[in-house]
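From a predicted model like this one, the values you see are computed outputs, not experimental measurements. Hydrogens, waters and symmetry mates are skipped; everything else that's a heavy atom, side chains included, is used. In what follows, residues are counted from 1 in the order of the sequence shown. Ligands are counted one by one from 1 in listed order, and the atoms in each one are counted from 1 as well.
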Amino acid sequence: MKLVKHFLEFDGYSRKEVSQIINSALKLKKQGYPANKPLKNKVAALIFQKPSTRTRVSFEGGLARLGGYALYLGWQELQLGRGESVADTARVMSRYVDCIVARVYSHATLVEMAGNSRVPVVNALSDKHHPCQALADIMTVWEYSRRLRLRNVKIAYVGDGNNVCNSLIQICALLGMRLSVATPREYKPDDEIVKKSLEWAGETGAVIELLEEPDEAVKEADFVYTDVFISMGQEEERQRRIEAFLPKYQVNRKLLSHAKPHVRFMHCMPMHVGEEVTADVAYSDFSIIYDQAENRMHTEASLLLYLLRGRG
Ligand code: CP
Ligand code: NVA
């Protein structure tokens, strides 16, 4: 099978490639999408096993602006829902489309898809990673850090060591940034992802701290980031999780008093206001969540250009 570049996580991507994707996203946002429609006639299949607002619509909007076409396919509408294998689905899809963008429960499903696809497979969220989110996060941090070099900015992530947190750790390690993460001991980020990220950090000069105390993580932070305590598919764990995270891991004004005075609040959305974040933070003038959401489209358009341009 021809060697194809997928985007399942940041492993396999260099600092230069990731910076290039973010820089060209900034250009798309500032200068507008190219009039010559560089992805004209390119088709992406969006195969989603879980709901989505931002990821789905930002991929559709971004690709349409580049001249391409996105086909949204809910898992249950495909024969996948009746038990057709992921491998056969990927083999067949690659005969029709130029790219597969997939949101799945298990990351292993994406790996299997990629292993059987002739076209790039892009991770639109799995249980382990949400790399498209992380691209938009760092683009947003860059936009709000104009006077600082990225490596001098401190991001604090407070809450669940989940997919969003894992991808944030990877991208910060790869780009040589400072990130402090505070999670309860039983909800730490993925051990293997952390191990590899710390190796990258050794090479890039990134400072990645893994803590349990939110006050300590947030100290002197320029950006404070959180995500839901109960991710999609974890609804049955609700009670146990709420007890583990509340009140200590909630991002509220008191917690933010430990951060820098100009601190900005970040969230990948959707939010559960009143749980991981209070309304007076989520909807404050220092909240940059809608810029983050907008930047999903620009970074994904840039990623698709990176992966698809030049394909026959
Ligand atoms: N942040 C994010 O991925 O949102 P959706 O679940 O709405 O796609
Ligand atoms: N951690 C959340 C992110 C949603 C965008 C989830 O997986 O449900």
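Taking each heavy atom of Asp98 and Asn41 in turn, the nearest pair found is OD2-O, 3.8 Å.
Between Asn163 and ligand 2, a contact under 3.5 Å exists for at least one N or O pair. Inclusion of His130 in the set of residues having an N or O under 3.5 Å from an N or O of ligand 2 is not warranted. By the 3.5 Å distance cut-off applied to N or O atoms, Leu125 is not counted among the residues near ligand 2. Close N/O approach between Ser231 and ligand 2 is found [any backbone or side-chain N/O within under 3.5 Å].
Within 4.0 Å of ligand 1, heavy atoms belong to protein residues Ser52, Thr53, Arg54, Thr55, Arg103, His130, Gln133, Cys268, Met269, Arg296.
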Can you give each donor-acceptor pair under 3.5 Å made by side-chain atoms of residues 20-28, sequence neighbours left out, with the distance rounded to 0.1 Å?
residue : atom : partner : partner atom : Å
Asn23   : ND2  : Ser19   : O            : 3.3
Ser24   : OG   : Ser302  : OG           : 2.6

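Residues Thr204 and Arg15 have side chains in contact (heavy-atom distance under 4.5 Å, counting atoms from C-beta outward). For the pair Lys248 and Pro214, the minimum side-chain heavy-atom distance is below 4.5 Å. Put simply, the side chain of Gln133 does not reach to within 4.5 Å of the side chain of Arg54, judged on heavy atoms.
Summary of contacts: the protein heavy atom closest to atom 8 (O) of ligand 2 is Met232 N, 2.8 Å. Here the heavy atom of the protein found nearest to atom 3 (C) of ligand 2 is Asp227 OD2, 3.6 Å.
Residue Val218 is found in a hydrophobic cluster whose other members, listed by chain and number, are Val158, Tyr187, Val224, Phe229, Ile230, Ile242, Phe245, Leu246, Tyr249, Val251, Leu255, Leu256, Val263, Phe265, Met269, Met271, Val273, Val277, Val281, Tyr283, Phe286, Ile289, Tyr290; membership requires side-chain heavy atoms under 4.5 Å apart, directly or through intermediates.
At least one heavy atom of Met269 sits closer than 4.0 Å to an atom of ligand 2.
At a threshold of 4.0 Å, the pair Lys219-Glu213 does not count as salt-bridged, since none of the basic side-chain nitrogens sits closer than that to a carboxylate oxygen.
Side-chain rings of Phe7 and Tyr13 approach one another, their centers coming within less than 6.0 Å.
Residue Tyr69 places its OH atom among 12 or fewer non-hydrogen atoms of other residues, nucleotides or ligands, all under 6.0 Å distant.
Applying the salt bridge (Lys or Arg N to Asp or Glu O under 4.0 Å) criterion to Asp222, with sequence neighbours excluded, gives Lys260.
Less than 4.0 angstrom separates some heavy atom of Asn162 from each of these atoms of ligand 2: 1 (N).
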